[in-house]
Amino acid sequence: MPGTKRIIDVVWATVRRWFDPRELRSVGSTPDYRFSLANERTFLAWLRTGLALVAGGLAAAQFLPPLPLAHLREAIAVALLLLGGTVAVRAVDHWARTERAIRLGEELPASRFPAVLALAVGLGSVLLVVAVLVRAIGSR
Amino acid sequence: MTGDPGLQPERTRLAWRRSLLALTVVTVLSVRLALTGDAAGAVLAGAAVAGWAATLALCWGRAIGSGPVRATSRTMPAIALAAAGQAALGVLLILR
């Protein structure tokens, strides 16, 4: 399918750009190194956010007792792991786009991702609180 | 460079150390989840440790501040892929 091939090409070009420093350095002008380091630290902060979600998923899988709802423990763990992996991969992409924008003197890329992540984590927490309350009231 | 009161290179080194420490904790949790007594678990635990070691070797220069002040871009995708790989391994371990 031509559509699928196009998507694969775009993904492949993006991944290659992450690993190839020459292409990133070929655009615009080299900024003050402090800007690059600040961008790098922002990336690392996002990466640790992702790693914290992954650690939460791994901990839920092996330290939570089996929950009353069938497979709820596994579902929580897998959701946290997928969210953590997404945060980590998205962090590289955002770092590369920000570095490019700094080199070209453009506006930094805006992103809805932090808001979406916050809503997803908040919604998940609320659902679990409701589940715990329903169970506490039901078992009285 | 003088006139850098923000100690930017040092802060970046420390950020790398924190990140590698976080990756180490995640690797320990992965290995604990993988080791269930069968051969497949041992292989997956070995893969987790190998990925951790390779990432540590590649990013070590950033953490101790050897090499150029500015990062070569390979360290960042490498540690992100290591994190995503640990997540994928965790999903595999839970579903198996």
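This is a predicted model, so every value here is computed, not measured. Protein chains get the first letters and strands the later ones, always in sequence-line order, with residue 1 at the start of each.
The parts of B:V26 that come within reach of chain A are both its backbone and its side chain, each placing non-hydrogen atoms under 4.5 angstrom from that chain. Only the side chain of B:R62 comes within contact range of chain A, judged by heavy atoms closer than 4.5 Å. Both the backbone and the side chain of A:A55 come within contact range of chain B, with heavy atoms under 4.5 Å apart. For chain A, the nearby part of B:L81 is the side chain; its heavy atoms alone come within less than 4.5 Å. For A:L47, the part lying under 4.5 angstrom from a heavy atom of chain B is the side chain only.
What you find for A:V54 and B:A87 is that their closest heavy atoms are CG2-CB, 3.8 Å. In plain terms, the two heavy atoms of B:I94 and A:E74 that are nearest each other are CG2-CG, 3.7 Å. The heavy-atom pair separating B:P9 from A:Y33 by the smallest distance is CG-CE1, 3.9 Å. The two residues A:A88 and B:A80 have their closest heavy-atom pair at O-CB, 3.6 Å. Counting all heavy atoms, side chain and backbone alike, B:S30 lies closest to A:L58 at OG-CD1, 3.5 Å. Closest approach of B:A83 to A:L51, counting heavy atoms only: CB-CD2, 3.7 Å.
Summarising the local packing, CZ of A:R90 is surrounded by more than 12 heavy atoms from other residues, nucleotides or ligands at distances under 6.0 Å. Within 6.0 Å of CZ on A:F113 lie more than 12 heavy atoms contributed by other residues, nucleotides or ligands.
Each of B:W16 and B:L58 belongs to its own hydrophobic cluster when Ile, Leu, Val, Met, Phe, Trp and Tyr are linked at side-chain heavy-atom distances under 4.5 angstrom. Taken together through direct or relayed side-chain contacts under 4.5 Å among Ile, Leu, Val, Met, Phe, Trp and Tyr, A:L64 and A:V132 form parts of separate hydrophobic clusters. A:L72 and A:L53 end up in the same hydrophobic cluster when Ile, Leu, Val, Met, Phe, Trp and Tyr side chains are linked at under 4.5 Å. A:V116 and A:L123 fall into different hydrophobic clusters, where Ile, Leu, Val, Met, Phe, Trp and Tyr are joined by side-chain heavy atoms under 4.5 Å apart, directly or via other members. No chain of hydrophobic side-chain contacts below 4.5 Å, direct or via other Ile, Leu, Val, Met, Phe, Trp or Tyr residues, connects A:I8 to A:V15.
With hydrogens and angles ignored, the 3.5 Å screen pairs no side-chain donor or acceptor of B:R18 with any backbone N or O of A:R48.
Electrostatic pairing of A:E40 and B:R70 does not count as a salt bridge here, judged by no charged N lying under 4.0 Å from a carboxylate O.
Contact check for A:F35 versus B:Q8: no side-chain heavy atoms found under the 4.5 Å cut-off.
Here the straight-line distance linking atom CZ of A:R34 with atom CG of B:L7 works out to 11.5 Å at 0.5 Å rounding. Atom-to-atom distance recorded for A:F43:CZ and B:T12:OG1 is 12.5 Å, nearest 0.5 angstrom. Considering CZ of B:R11 and CG of A:L44, their distance stands at 12.5 Å, rounded to 0.5 Å.
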